[in-house]
Enquirer: 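Sending over a structure as structure tokens; questions will come in a sec.
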Amino acid sequence: MSAETPAASGQFTRRRLQFRAWRGSRPFWAGLFVLVGGIPIMYFPYAHLQLGHLTLAMSTTAGAGSLIIGVLLVVLGISLWFQKHIRTFAGVAAILLALVSLPVSNFGGFIIGFLFSMIGGAMAVSWAPGAPPETEPVPEPNTGQGGTPGKGAEVAEPDQLSGTSPANGANGGHRAG
């Protein structure tokens, strides 16, 4: 695409709205938190920090365990994005892996990976798909002569305990008084 070719008008907005719809139909933020939590857990045991001329190696004997836990958390985060029906399993697995990372992987990636994975796992377990919005039908007045209900209308009887009825919009709520 050259500099003279104008971009399709509204393409960025359309793609952004498509991404927003895709993100809203799955536990996106839970997957992101779990994925981000797995990165420090698998990175820190293999990191070599440079402090001037001093090299600080954080390698541990459980480096392979840290790598496995971190990779599993990244895979669980990605699977939460693309396999939303496994959200409960992935959330519980992320919580368990985060707890195991405390003794295995430098206190769970110096608590950073542990916290992200725990929060993401909890978000995945608690996420529920939203119901699509329903359009309400327009009510038609069905009254006969004199303002009385017509042939097809039903009148709800008031609740004897509270003096309310679904017809007057109280929905079973009690009055104080």
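Note that this is a predicted model, so its numbers are computed, not measured. Hydrogens, waters and symmetry mates are skipped; everything else that's a heavy atom, side chains included, is used. Residues: numbered from 1 along the sequence shown.
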Enquirer: I need the single residue from V104, V34, I41, L73 that forms a side-chain contact (heavy atoms from CB on, under 4.5 Å) with L97. Which is it?
Expert: L73
Enquirer: Any link between I119 and I78 through a network of hydrophobic side chains (Ile, Leu, Val, Met, Phe, Trp, Tyr) touching at under 4.5 Å?
Expert: yes
Enquirer: To the nearest 0.5 Å, what is the distance between OG (S117) and CD1 (I39)?
Expert: 10.0 Å
Enquirer: Is a side-chain N or O of S126 found less than 3.5 angstrom from the main chain of M123, in a donor-acceptor match?
Expert: yes
Enquirer: Answer yes if the side chains of R14 and Q11 hold a donor-acceptor pair under 3.5 Å, and no otherwise.
Expert: no
Enquirer: When you group the ILVMFWY residues by side-chain heavy-atom contacts below 4.5 Å and let the links chain together, are L115 and L99 in the same group?
Expert: yes
Enquirer: Looking at every heavy atom in both I95 and A122, which two are closest together, and how far apart are they?
Expert: CD1-N, 3.9 Å
Enquirer: Establish whether F19 and W29 are linked, either directly or via other cluster members, by ILVMFWY side-chain heavy-atom contacts under 4.5 Å.
Expert: yes
Enquirer: Once rounded to the nearest 0.5 Å, what's the spacing between atom CG of L80 and atom CG of L32?
Expert: 10.5 Å
Enquirer: Check the hydrophobic clustering (I, L, V, M, F, W, Y; side-chain heavy atoms under 4.5 Å; chains of links allowed) and say if L102 and M118 are grouped together.
Expert: yes
Enquirer: Between G120 and A30, what is the shortest heavy-atom contact and its length?
Expert: O-CB, 3.4 Å
Enquirer: How long is the straight-line distance from OH of Y43 back to CG of L67, given to the nearest 0.5 Å?
Expert: 13.5 Å
Enquirer: Got a sec: does the CZ of F28 have more than 12 other heavy atoms crowding it under 6.0 Å?
Expert: yes
Enquirer: Does one hydrophobic cluster hold both V125 and L76, with members joined at side-chain heavy-atom distances below 4.5 Å?
Expert: no
Enquirer: Does the plane of the ring in W22 sit parallel, tilted or perpendicular to the ring in F82? Use 30° and 60° as the thresholds.
Expert: tilted
Enquirer: What's the separation between atom CG in L35 and atom OG in S79, rounded to the nearest 0.5 Å?
Expert: 10.0 Å
Enquirer: For F116, is the CZ atom crowded, meaning more than 12 foreign heavy atoms sit under 6.0 Å from it?
Expert: no
Enquirer: List the atom of R87, the atom of W127, and the distance in Å for their closest heavy-atom pair.
Expert: NH1-O, 2.8 Å
